[in-house]
Enquirer: 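After the structure tokens below, expect a handful of questions from me.
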Number of protein chains: 2
Amino acid sequence: MSAKASDPELRIRARNEALISDAATRLFARKGFEGTRISEIAEAAGLPKANVYYYFGSKAEIYRSILRRLLTNWTVALDHLSEERDPFEALEAYVRAKLEHSRRFPDETRVFATEILAGGPYLTPEDRELMRVGMLRPVEVLEAWIARGLIRPVHPRHLMITLWSAAQYYADFEIMAAHTLEVKKLKRADYDTAADTIVQTTLRGLRPDPVPA
Amino acid sequence: MSAKASDPELRIRARNEALISDAATRLFARKGFEGTRISEIAEAAGLPKANVYYYFGSKAEIYRSILRRLLTNWTVALDHLSEERDPFEALEAYVRAKLEHSRRFPDETRVFATEILAGGPYLTPEDRELMRVGMLRPVEVLEAWIARGLIRPVHPRHLMITLWSAAQYYADFEIMAAHTLEVKKLKRADYDTAADTIVQTTLRGLRPDPVPA
DNA sequence: AAGAAAGCTGACGGTTGCGTCAGTTCCCGT
DNA sequence: ACGGGAACTGACGCAACCGTCAGCTTTCTT
């Protein structure tokens with residue numbers, strides 16, 4: 001019944017590292033790196049502080065591990081876009097997936113947002129490289145669509161930023177969005193309307209001219 | 001030659017408060033509230049730490065004064081939108097003005113962004129009310145345009161968020177945008193291209209249907 | 001010119017938080 | 001069932017930081 005060393009799911013180390021990482025993510029998202037105390041993380045994880053230090057060498061190490069995990073997830077998420085798909089179908093799916101991610105995991109993306117806002121002091125060169133190559137594929141896909149005349153010839157990187165920023169906003173600046181919408185908290189329906197609006201404006205604006213004048 | 005008490009420009013108090021406020025804005029933007037030391041602010045302002053405390057009662061007081069100033073500026077900036085103007089002209093002017101502001105004063109908006117990300121712990125109820133009423137006018141204007149059939153019937157608040165988020169992104173997440181564009185630092189031309197892209201996509205998507213099918 | 005008010009500041013107290021460590025307990029293969 | 005390694009932890013050292021204060025200097029007013 002007890003955990004085996006060979007069972008990776010139940011290994012004590014894996015379980016506790018996840019406990020710490022999850023608690024830290026929640027706290028870093030709310031209070032930032034400097035604003036979060038290791039003792040808070042420990043308490044939220046249900047462990048004594050010294051135990052946290054048994055698994056992680058420092059606060060920065062916990063923080064960096066969270067950033068790294070998010071970055072790898074992020075680059076994977078761009079796979080929605082492939083040259084063969086219909087551009088509007090693919091982009092709509094991407095926008096909706098991004099918003100859904102914002103809705104379900106706001107804390108991860110907030111930690112990353114705070115880091116970027118601060119100028120990326122904890123991002124390693126490898127992290128930055130991950131970001132760079134992650135953007136390569138979608139840009140190529142957009143350029144291919146443009147070359148085939150399937151979407152209007154807009155700047156692909158700026159287009160990605162525009163789409164990205166909208167989805168990001170609902171997670172990172174949720175309380176601002178809630179204020180704007182005059183609701184207490186964003187509900188699933190709000191995210192759906194957000195997606196609809198983006199589809200009806202930005203994506204619609206990408207359609208090639210139907211009329212000459 | 002020396003400053004007179006009646007001269008508001010040169011009054012020592014006004015000058016030093018501005019010195020402190022400016023230095024604090026730069027530092028809060030980079031390092032957040034908790035990450036910024038009063039001693040750093042003092043050094044950046046060229047004053048001894050105790051002198052900072054002569055003008056401000058606490059770190060939180062400096063921080064709140066920055067937030068308040070930004071909020072009042074912000075609500076004023078929405079005046080671009082008025083019902084009488086052509087929607088696309090007005091919205092384009094708004095987007096360009098917003099991006100220009102992001103380019104010229106990235107630090108102010110970053111301080112605010114960090115605060116919102118954290119959930120707004122230092123925002124007073126008055127601040128929140130300022131945000132709410134600031135949004136009232138533009139929404140009314142958008143609704144009037146929609147009622148007159150000048151733009152497509154999209155959700156006005158979500159539209160504002162979409163426009164807002166894009167402009168915001170270039171200031172707050174500048175290093176992310178720079179990475180995406182594969183440049184070291186954003187130049188004026190990048191902001192112009194950003195504005196063009198938004199105009200050509202999101203605003204273009206707002207045009208009423210020219211063709212039925 | 002002289003008194004008052006505003007501006008200024010070095011030194012310090014109290015607190016908090018990061019990270020350590022020595023010693024204990026638990027787990028697990030054999 | 002036992003030995004060794006992994007897991008755990010209370011107590012603490014040390015450094016950093018916020019905010020204070022008592023007394024000094026400059027500026028202003030009359």
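All chains are named by letter (A, B, ...) in the order of the sequence lines, taking the proteins before the strands, and each is independently numbered beginning at 1. Remember, predicted model here, so these are calculated numbers, not experimental data.
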Enquirer: Apply side-chain hydrogen bond (donor to acceptor under 3.5 Å, both in side chains) to residues B:Asp22 and B:Thr25 and explain how you reach the verdict.
Expert: CA-CA 5 Å; B:Asp22 289 352; B:Thr25 302; 5.1 Å; no
Enquirer: Strictly under 4.0 angstrom, non-hydrogen atoms only: write out the protein contact profile of nucleotides 2-8 of chain C, one letter per nucleotide from the 5' end, B, S or -.
Expert: ----SBB
Enquirer: Enumerate donor-acceptor pairs with a distance under 3.5 Å from any side-chain N or O in residues 187-194 of chain A to protein atoms, sequence neighbours excluded.
Expert:
from: A:Asp190; atom 1: OD2; to: A:Lys187; atom 2: N; distance (Å): 2.8
from: A:Tyr191; atom 1: OH; to: A:Tyr170; atom 2: O; distance (Å): 3.4
from: A:Thr193; atom 1: OG1; to: A:Ala189; atom 2: O; distance (Å): 2.9

Enquirer: Given atom CD of A:Glu40 and atom C1' of C:dT16, what is their separation to the nearest angstrom?
Expert: 12 Å
Enquirer: Going by the rule salt bridge (charged side-chain N to carboxylate O under 4.0 Å, His left out), which residues pair with A:Glu140 if we only count those two or more places apart in sequence or in a different chain?
Expert: A:Arg137
Enquirer: Given A:Tyr63, which of A:Phe33, A:Phe56, A:Phe112 fulfils the ring-ring contact (aromatic ring centres under 6.0 Å, His included) condition?
Expert: A:Phe33
Enquirer: So, applying side chain to side chain contact (heavy atoms under 4.5 Å, CB included) with A:Met176, which one of B:Ile116, B:Leu117, B:Ile161 is it?
Expert: B:Ile116
Enquirer: In chain order, what residues pass the salt bridge (charged side-chain N to carboxylate O under 4.0 Å, His left out) check against A:Lys184, with sequence neighbours excluded?
Expert: none
Enquirer: Using a 4.0 Å heavy-atom cut-off to protein, can you give one letter per nucleotide of nucleotides 14-23 of chain D, 5' to 3': B if the base is in contact, S if only the sugar-phosphate is, - if neither?
Expert: ---SBBBB--
Enquirer: Mind checking salt bridge (charged side-chain N to carboxylate O under 4.0 Å, His left out) for B:Arg64 and listing every partner two or more places apart, or none if nothing turns up?
Expert: none
Enquirer: Step by step, work out the side-chain hydrogen bond (donor to acceptor under 3.5 Å, both in side chains) result for B:Asp196 and B:Gln200.
Expert: CA-CA 6 Å; B:Asp196 293 343; B:Gln200 288 169 33; 5.1 Å; no
